[in-house]
Amino acid sequence: MENILTVKDLSISFKTEFGLVNPVQGVSFDVKQNETLGIVGESGCGKSITAYSVIRLLPNNAILGKNTQICFEGENLLNRSKQDLAKIRGNRISMIFQEPMTSLNPIYTVGWQLAEAFTLHREMSEEEVKRESIELLVKVRIPEPEKRLKEYPHQLSGGMRQRVMIAMALACSPKLLIADEPTTALDVTTQAQILELINGLKRDMDASIIMITHDLGVIAEMCDRVLVMYAGNIVESAQVFELFDHPRHPYTRGLLSSIPNVEIDKSSQKRLSTIKGFVPHPANFPKGCRFHPRCPHAFERCIQENPLLLPIKGQSDHFSRCWLEEGTDRT
């Protein structure tokens, strides 16, 4: 299966009053056609900024590494002009943003904001735009679509606003959809409905998806392959079932062990497992392995050198960044 997106050696720096800060360093991955790739990790690990870099939505003070390549359908997007990128965003690559209440414009109706996607990328009459907008709202299961076109974001529930965001992202039938925490701040029932909706639309449109989340339950339900990020590095990469069945990196094991287990006998009063400490600030990443201050297995080499992301022995598509693997299970 061909890759629709290839990211090589993604490094991002920000100019600040305190000097350069590097929140993402040396990240490489690809997304295959009709694949859902999950990117998971705690807040502050670099997930969202990695996704924003794909469609070049970084702040003006951001600097990409000299060796960075972002190739979409075989074309390096870093060589494209701002005008060319504007034609790609929302058309061939779309994004569902994390918080619809702040992503939707409060002073324009739902219909106006849906119409904008069509008018920017398609030559359509006003009547055609209205018809397509109604069809989109029907696709994302919004009741009374004609009425909703005339309403403003504040008149809709959180779940409805998220559905509008999905409709806007799908307006031009993109080949790649980036979903940044699409179920944030939604109740459990609405979360399930949104995930089911995204899965169904992916099948209908034959699109690829990058799913960004801190929820391993979403990863298990939605994704084919998963990248685990920590402090601006990919620390583990594998097919989703392989990762859940055979996690190798201590950080991945910590994330999985922190999931509540409903099968545990309540009388045992067993405490929920946690990962001690917190994700370091990009200005203060530790020397060596970036996870070593929180890792229960850290030894001297972890403090001095950051390991490479290398394949696990016998698993060509399972990679881990850990010195515990060195000399034993590496290929």
Side-chain angles (χ1 to χ4, degrees), residues 5 7 10 12 23-32 35-54 95-99 176-186 188 191-192 194-196 198-199 202 208-261 272-280 282 285 289-291 294-295 307 309 311-312 315 317-322:
L5 177 72
V7 176
L10 175 65
I12 305 171
V24 174
Q25 190 171 26
V27 168
S28 298
F29 63 91
D30 52 59
V31 182
K32 295 177 171 55
E35 176 185 50
T36 299
L37 175 72
I39 304 180
V40 68
E42 294 170 277
S43 296
C45 69
K47 308 184 299 297
S48 294
I49 197 172
T50 296
Y52 291 149
S53 69
V54 172
M95 189 161 190
I96 303 171
F97 293 94
Q98 184 169 356
E99 178 45 66
L176 177 64
L177 178 65
I178 302 172
D180 184 15
E181 301 274 10
T183 57
T184 297
L186 300 178
V188 175
Q191 284 184 28
I194 293 296
L195 294 177
E196 181 188 356
I198 293 174
N199 251 340
K202 174 202 169 187
S208 303
I209 296 177
I210 298 177
M211 178 67 66
I212 301 164
T213 182
H214 61 268
D215 189 336
L216 285 164
V218 172
I219 292 291
E221 182 176 346
M222 295 286 293
C223 300
D224 304 303
R225 197 157 47 91
V226 56
L227 309 177
V228 181
M229 285 194 71
Y230 182 80
N233 285 161
I234 295 174
V235 296
E236 189 160 1
S237 169
Q239 296 294 321
V240 66
F241 293 119
E242 170 67 17
L243 186 93
F244 276 76
D245 291 341
H246 305 289
R248 302 298 293 244
H249 197 278
Y251 180 61
T252 308
R253 292 174 180 170
L255 291 177
L256 290 170
S257 64
S258 67
I259 300 174
N261 188 346
L272 187 66
S273 177
T274 60
I275 304 173
K276 65 178 182 179
F278 50 87
V279 179
F285 284 151
C289 172
R290 294 180 177 180
F291 185 61
R294 306 175 68 188
C295 181
L309 184 69
I312 301 298
Q315 299 287 334
D317 57 356
H318 192 169
F319 297 77
S320 178
R321 186 188 297 273
C322 184

Working to the nearest 0.5 Å, report the span between [atom1] of [X] and [atom2] of [Y].
| X | Y | atom1 | atom2 | answer |
| --- | --- | --- | --- | --- |
| N199 | C223 | CG | SG | 9.0 Å |
| C45 | H214 | SG | NE2 | 11.0 Å |
| C295 | K276 | SG | NZ | 9.0 Å |
| D317 | S237 | CG | OG | 8.0 Å |
| R248 | H318 | CZ | NE2 | 6.5 Å |
| M222 | E196 | CE | CD | 10.5 Å |

Backbone N/O of [Y] and side chain of [X]: donor-acceptor pair under 3.5 Å:
| X | Y | answer |
| --- | --- | --- |
| D224 | T36 | yes |
| K47 | M229 | no |
| T50 | G46 | yes |
| K32 | S208 | no |

Closest heavy-atom pair and its distance - [X], [Y]:
| X | Y | result |
| --- | --- | --- |
| T213 | D215 | OG1-N, 2.9 Å |
| P280 | Y230 | CD-OH, 3.3 Å |
| I234 | V27 | CD1-CG1, 3.6 Å |
| I49 | P23 | CD1-CG, 4.1 Å |
| E236 | T252 | OE1-OG1, 2.7 Å |
| L5 | L176 | CD2-CD2, 3.9 Å |

Taking only Lys NZ, Arg NE, NH1 and NH2, and the carboxylate oxygens of Asp or Glu, determine whether R225 and E35 approach each other closer than 4.0 Å. yes
side-chain contact (heavy atoms from CB on, under 4.5 Å) evaluation trace for M211 with V226: CA-CA 9 Å; M211 178 67 66; V226 56; over 6 Å; no
[X] side chain near [Y] side chain, heavy-atom distance below 4.5 Å:
| X | Y | answer |
| --- | --- | --- |
| R321 | C289 | no |
| E42 | F278 | no |
| D180 | Y52 | yes |

Under a 3.5 Å threshold, yes or no: a donor from one side chain and an acceptor from the other, between R290 and Q25? yes
Mutual orientation of the aromatic rings belonging to H249 and F291 [parallel < 30°, tilted 30-60°, perpendicular > 60°]: tilted
Per the side chain to side chain contact (heavy atoms under 4.5 Å, CB included) rule, which among D30, L227, I178, I212 passes with L37? L227
Checking side chain to side chain contact (heavy atoms under 4.5 Å, CB included) against L216, which of V228, V240, L256 comes through? L256
